Amino acid sequence: MRAEASDRSEMVNQLLIGDTMEIVERQEKWSLVQCTYDGYRGWVDNKQFIPFNSAADLAERLFLDAPYLWGGRSIGGIDCSGLTQVCFKALGIWLPRDASQQATCGNEVCLCDVQRDDLAFFGPAPTQTNLQSSNQAIKITHVGICAGDGHIVHASGCVRIDMLDSKGIYNEKAHTYSHALYSIRRVTA
């Protein structure tokens with residue numbers, strides 16, 4: 001962040017990955033922004049940030065194809081609940097760390113009412129064994145961000161976009177369901 005809209009102006013602050021800001025004024029090359037965390041105002045070159053309005057946008061633009069890493073929360077490696085936590089944090093929405101904990105946040109919605117940025121929670125992929133014991137409680141093992149038009153952004157092998165339907169996540173390349181849908185929840189600030 002610079003004091004004036006110029007590369008030669010003094011640096012007054014830094015925005016780091018995950019920091020959020022409000023655009024106060026936008027010009028052709030520069031934007032006057034205010035950092036959400038500390039309230040500092042300064043000018044940022046427009047090519048140095050990516051504006052987004054949703055968690056799915058952030059996941060698709062910044063994290064797509066990032067490798068899966070259990071416990072990871074960065075572009076260098078990220079797990080499913082780390083992806084949802086980081087993307088929602090950038091929107092100013094706090095989520096707990098684990099998918100099973102996140103499954104208690106917000107309000108449940110049905111698949112017919114799903115919206116972009118709703119969180120979808122999953123158990124293990126359907127098998128003959130767990131189909132027969134469907135009256136048992138499902139253990140939440142996975143979470144993803146609904147991306148609209150029957151798609152979901154999630155971290156499984158890498159951050160990817162797959163199909164979402166009433167059965168769960170359908171991997172078109174593998175022609176199989178990878179996770180069984182448990183619930184969908186809407187979390188707002």
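In what follows, every heavy atom counts, from backbone to side chain, and hydrogens, waters and symmetry copies are set aside. Residues: numbered from 1 along the sequence shown. All of these numbers come straight from a predicted model, not from anything done at the bench.
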*asked:* With rounding to the nearest 0.5 angstrom, report the CE to CG distance, Met21 to Leu32.
replied: 10.5 Å
*asked:* Test of understanding: with side chain to side chain donor-acceptor pair (under 3.5 Å), list the residues that count as partners of Gln27, not counting sequence neighbours.
replied: Glu25
_Please enumerate all residues that pass ring pair (Phe, Tyr, Trp, His ring centres under 6.0 Å) together with Phe121, with sequence neighbours excluded._
none
*Taking it one step at a time, do Val143 and His154 satisfy side-chain contact (heavy atoms from CB on, under 4.5 Å)?*
CA-CA 7 Å; Val143 61; His154 66 118; over 6 Å; no
*asked:* Are Trp30 and Glu4 packed together at the side-chain level, in the sense that at least one heavy-atom pair is separated by less than 4.5 angstrom?
replied: no
_Asp118 side chain to Gln115 backbone, donor-acceptor under 3.5 Å_ = yes
*Report the residues that fulfil salt bridge (Lys or Arg N to Asp or Glu O under 4.0 Å) with Asp45, sequence neighbours left out, ordered by chain and then residue number.*
Lys29, Lys47
*Tell me, please, which residues at least two apart from Asp38 pass side chain to side chain donor-acceptor pair (under 3.5 Å).*
Asn13
_Sub-4.5 Å side-chain heavy-atom contact between Cys80 and His142_ = yes
_Show me the pairs that pass ring-ring contact (aromatic ring centres under 6.0 Å, His included) and involve residues 156-175, at least two apart or across chains._
Tyr170-Tyr177
*asked:* Is the shortest side-chain heavy-atom distance between Val33 and Met1 below 4.5 Å?
replied: yes
*Linked hydrophobic residues, Leu181 as query - side chain contacts closer than 4.5 Å*: Val109, Leu111, Val114, Phe122, Ile152, Leu164, Ile169, Ile184
*Evaluate whether atom CZ of Phe49 has more than 12 neighbouring non-hydrogen atoms of other residues, nucleotides or ligands under 6.0 angstrom away.*
yes
_Qualifying residues under side chain to side chain donor-acceptor pair (under 3.5 Å), relative to Arg185, sequence neighbours excluded_ = none
_Contacts of type side chain to side chain donor-acceptor pair (under 3.5 Å), residue Thr36, not counting sequence neighbours_ = Thr20
*Got a sec, which pairs hit salt bridge (Lys or Arg N to Asp or Glu O under 4.0 Å) with one end in residues 144-160, sequence neighbours left out?*
Arg160-Asp162
_Would you say Trp43 ends up clustered with Val12 if hydrophobic residues are merged whenever their side chains have heavy atoms under 4.5 Å apart, either directly or through other cluster members?_
no
*Approximate separation, where rounding is to 0.5 Å, of Arg186 CZ and Leu119 CG*: 10.5 Å
Using atom types as modelled, flag every donor-acceptor pair under 3.5 Å from a side chain in residues 56-69 to any protein atom, sequence neighbours excluded.
from	atom 1	to	atom 2	distance (Å)
Asp57	OD1	Ser54	OG	3.4
Asp57	OD1	Arg116	NH2	2.6
Asp57	OD2	Ser54	OG	3.4
Glu60	OE1	Arg116	NH2	3.1
Arg61	NH1	Pro51	O	2.5

*Locate the shortest heavy-atom distance separating Ser9 from Arg2; write the atom from each residue and the value.*
O-NH1, 2.6 Å
Donor-acceptor contacts under 3.5 Å from residues 91-98 side chains, at least two apart:
from	atom 1	to	atom 2	distance (Å)
Arg97	NH1	Asp79	OD1	3.1
Arg97	NH1	Ser81	OG	2.9
Arg97	NH2	Gly71	O	3.2
Arg97	NH2	Asp79	OD1	3.2
Arg97	NH2	Asp79	OD2	3.1

*Would you name the heavy atoms of Leu83 and Ala155 that are closest together and state the gap between them?*
CD2-N, 4.1 Å
_Under a plain distance cut-off of 3.5 Å, with no hydrogens placed, do Ser31 and Asn46 share a side-chain donor-acceptor pair?_
yes
*Closest approach of Phe52 and Ala90, non-hydrogen atoms and distance?*
CZ-CB, 3.6 Å
*Among all residues two or more places apart in sequence or in another chain, which pass the salt bridge (Lys or Arg N to Asp or Glu O under 4.0 Å) test with Arg26?*
none
*Step by step, would you call Cys35 with Glu22 a side-chain contact (heavy atoms from CB on, under 4.5 Å)?*
CA-CA 7 Å; Cys35 180; Glu22 179 183 338; over 6 Å; no
*Determine whether Cys146 and Asp117 make a side-chain contact, defined as any pair of heavy atoms from C-beta on separated by less than 4.5 Å.*
no
_I need the minimum non-hydrogen distance between Val86 and Arg73, along with the two atoms involved._
CG2-O, 3.6 Å
